[in-house]
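Keep in mind the model is a prediction, meaning the values are calculated, not measured.
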Amino acid sequence: MRKTIEEPSIKLKSSINRKDYELIHNLETQCAQNDSITLKLELDYKLSDAENSTSKTGISDINEFLYFDGGELIGYMGICCFGGMSQPFEITGMVHPLYRRQGIFSKLYELVMVECRRRNAGCILGLCDKKSVSGQKFLEKGGAVYQYSEFEMYLNDEIYEAMEKQAPSGITFRKASNADALEIARQNSIYFGDDPVEENEDTLNGDILLPEEEEKRGMTIYIAEKDDKIIGKVNLQMSEGGTGGIYGLGVLPEERKKGFGRAVLTHAVEKLKDANAAKIMLQVAAENATALSLYKSCGFQETSVMDYFELK
């Protein structure tokens with residue numbers, strides 16, 4: 001039975017605090033269970049990033065859009081950007097199942113797009129679970145253009161523990177520092193098609209991902225080496241709920257087909273297990289058949305598919 005909005009209000013914020021986190025997470029749980037979908041809200045990253053909410057212009061950027069009926073959060077949309085200001089803005093949102101078809105999502109979307117235009121956003125991506133009928137229809141109606149899909153995969157511990165873990169010896173991890181920022185940007189360009197980054201004034205002013213800043217937000221970047229030579233990298237994150245995440249894993253082209261990908265992945269899993277991760281997950285582009293095959297062979301299983309659309 002649909003509820004009518006009686007005391008509508010919208011809060012616009014640069015970042016979320018602990019109370020916001022709980023409200024948004026509770027709404028996420030209700031929506032995910034009702035629709036049998038996954039939402040990619042990046043709440044853990046945003047919570048730890050609360051102290052980094054002012055742009056270099058001195059203007060407070062709005063990233064959080066919360067729609068209330070009285071004291072109840074019934075709608076949410078957020079902006080997230082990884083890897084520097086030149087990277088795409090990622091937009092995702094939701095509305096309480098009992099408050100839909102009342103224009104809440106459209107209003108939040110309108111406000112978000114105004115903010116993106118104010119910030120001169122280059123590429124804006126809307127994220128939507130492939131199984132979300134209403135989300136897919138909204139994006140289609142708005143003229144969004146499909147770009148790519150990502151699988152979310154979770155580790156099956158039984159399969160992982162039973163697999164043969166023999167891997168090339170001598171692979172080591174070291175925590176990346178800010179001195180590795182350009183190397184990380186170079187690797188991201190190779191693996192994920194990010195725009196190449198050159199060392200210049202813009203780089204120093206925030207147009208590049210700084211490992212030590214990312215670690216403050218809960219994302220630790222590791223450089224993988226063999227015989228003191230860099231062969232790849234991986235990003236690891238522990239969420240509030242105890243889930244360990246593996247992101248940005250890659251092996252340099254000249255080092256591939258040597259078993260290093262499996263070795264880096266195994267090292268990443270073991271680090272998260274040492275940190276007492278209750279579950280371990282990763283995301284991989286659907287068209288990346290090589291990576292998908294590797295992850296499956298190590299015990300990761302697909303749980304959902306996230307579609308990415310470019311918003312106009």
Side-chain angles (χ1 to χ4, degrees), residues 45 82-84 86-87 148 150-155 159-161 163-199 203 207-238 244-275 277 280-300:
Y45 185 90
F82 298 100
S86 65
Q87 298 305 308
Y148 60 92
E150 278 187 350
F151 288 120
E152 184 170 88
M153 310 179 76
Y154 275 80
L155 184 67
I159 296 176
Y160 175 78
E161 295 301 334
M163 68 173 248
E164 195 71 37
K165 297 188 181 61
Q166 292 180 351
S169 60
I171 301 295
T172 60
F173 272 8
R174 67 170 174 83
K175 192 180 295 186
S177 69
N178 287 349
D180 297 302
L182 284 174
E183 170 61 22
I184 291 167
R186 183 182 78 89
Q187 291 193 42
N188 284 338
S189 178
I190 294 171
Y191 308 146
F192 312 115
D194 292 0
D195 293 335
V197 176
E198 297 180 1
E199 189 170 9
T203 300
D207 197 26
I208 190 171
L209 182 151
L210 296 175
E212 292 170 33
E213 293 301 311
E214 288 299 286
E215 186 171 7
K216 293 177 184 177
R217 302 180 180 107
M219 182 76 76
T220 304
I221 303 174
Y222 289 94
I223 300 293
E225 297 178 323
K226 180 173 172 58
D227 300 328
D228 296 321
K229 179 182 179 182
I230 294 175
I231 62 167
K233 72 170 190 69
V234 67
N235 306 356
L236 302 183
Q237 181 183 42
M238 283 290 293
I246 299 174
Y247 306 95
L249 187 154
V251 172
L252 292 169
E254 63 271 22
E255 303 294 345
R256 292 173 185 171
K257 298 184 178 180
K258 301 177 183 179
F260 293 156
R262 182 178 295 271
V264 173
L265 179 61
T266 301
H267 273 291
V269 169
E270 292 302 322
K271 270 201 169 294
L272 291 172
K273 284 183 172 289
D274 289 343
I280 298 176
M281 59 82 66
L282 55 77
Q283 293 158 344
V284 56
E287 66 269 21
N288 192 340
T290 300
L292 188 59
S293 177
L294 169 64
Y295 299 150
K296 286 182 176 179
S297 72
C298 290
F300 283 89

A.B. asks: Determine whether the side chains of R262 and S297 contain a donor N or O and an acceptor N or O closer than 3.5 Å.
C.D. replies: yes

A.B. asks: With side chains defined as the heavy atoms from C-beta onward, is the minimum distance between I171 and I231 less than 4.5 Å?
C.D. replies: yes

A.B. asks: Nearest 0.5 Å, please: how far is CE in M281 from CZ in F151?
C.D. replies: 13.5 Å

A.B. asks: What heavy-atom pair brings G218 and Q237 nearest, and what distance separates the two atoms?
C.D. replies: O-CG, 3.3 Å

A.B. asks: Looking at K229 and E255, is there a salt bridge between them, counting it only when a charged N and a carboxylate O are closer than 4.0 Å?
C.D. replies: yes

A.B. asks: For the CG atom of L210 and the CZ atom of R217, what is their distance to the nearest 0.5 Å?
C.D. replies: 8.5 Å

A.B. asks: What is the minimum heavy-atom distance between A224 and V264, and which atoms define it?
C.D. replies: CB-CG2, 3.8 Å

A.B. asks: When you measure from the side chain of K233 to the backbone N and O of G248, does any donor-acceptor pair fall under 3.5 Å?
C.D. replies: yes

A.B. asks: State the CD-CG distance between E215 and N178, to the nearest 0.5 angstrom.
C.D. replies: 10.0 Å

A.B. asks: Contact between L294 and F300 at the side-chain level, heavy atoms closer than 4.5 Å - yes or no?
C.D. replies: no

A.B. asks: Quick check against the 3.5 Å criterion: does Y191 have a side-chain atom that pairs as donor or acceptor with the backbone of R186?
C.D. replies: no

A.B. asks: Look at the rings of F173 and Y222 and say which category their plane angle falls in: under 30° parallel, 30 to 60° tilted, over 60° perpendicular.
C.D. replies: parallel

A.B. asks: Are side-chain heavy atoms of T266 and Y160 found at a separation under 4.5 Å?
C.D. replies: yes

A.B. asks: Could you tell me which non-hydrogen atom of C298 sits nearest to which non-hydrogen atom of L155, and how far apart they are?
C.D. replies: O-CD1, 3.5 Å

A.B. asks: Considering only residues two or more places apart or on different chains, which pairs with a residue in residues 280-295 satisfy salt bridge (charged side-chain N to carboxylate O under 4.0 Å, His left out)?
C.D. replies: none

A.B. asks: So, for G244 and A277, which heavy atoms are closest and what is the spacing to 0.1 Å?
C.D. replies: N-CB, 3.9 Å

A.B. asks: Can you tell me how far the CG atom of L282 sits from the OH atom of Y295, to the nearest 0.5 Å?
C.D. replies: 5.5 Å

A.B. asks: Are N235 and T220 packed together at the side-chain level, in the sense that at least one heavy-atom pair is separated by less than 4.5 angstrom?
C.D. replies: no

A.B. asks: Using salt bridge (Lys or Arg N to Asp or Glu O under 4.0 Å), reason through R174 and D180 one step at a time and then give a plain yes or no.
C.D. replies: CA-CA 11 Å; R174 67 170 174 83; D180 297 302; 2.9 Å; yes

A.B. asks: How about Y45 and E214: does a side-chain donor come under 3.5 Å of a side-chain acceptor?
C.D. replies: yes

A.B. asks: For the pair E270 and K273, find out whether any cationic side-chain nitrogen is under 4.0 Å from an anionic carboxylate oxygen.
C.D. replies: no

A.B. asks: So do L265 and V234 actually touch side chain to side chain, heavy atoms under 4.5 Å?
C.D. replies: no

A.B. asks: Using a cut-off of 6.0 Å, state whether more than 12 heavy atoms not belonging to D274 lie near its atom CG.
C.D. replies: yes

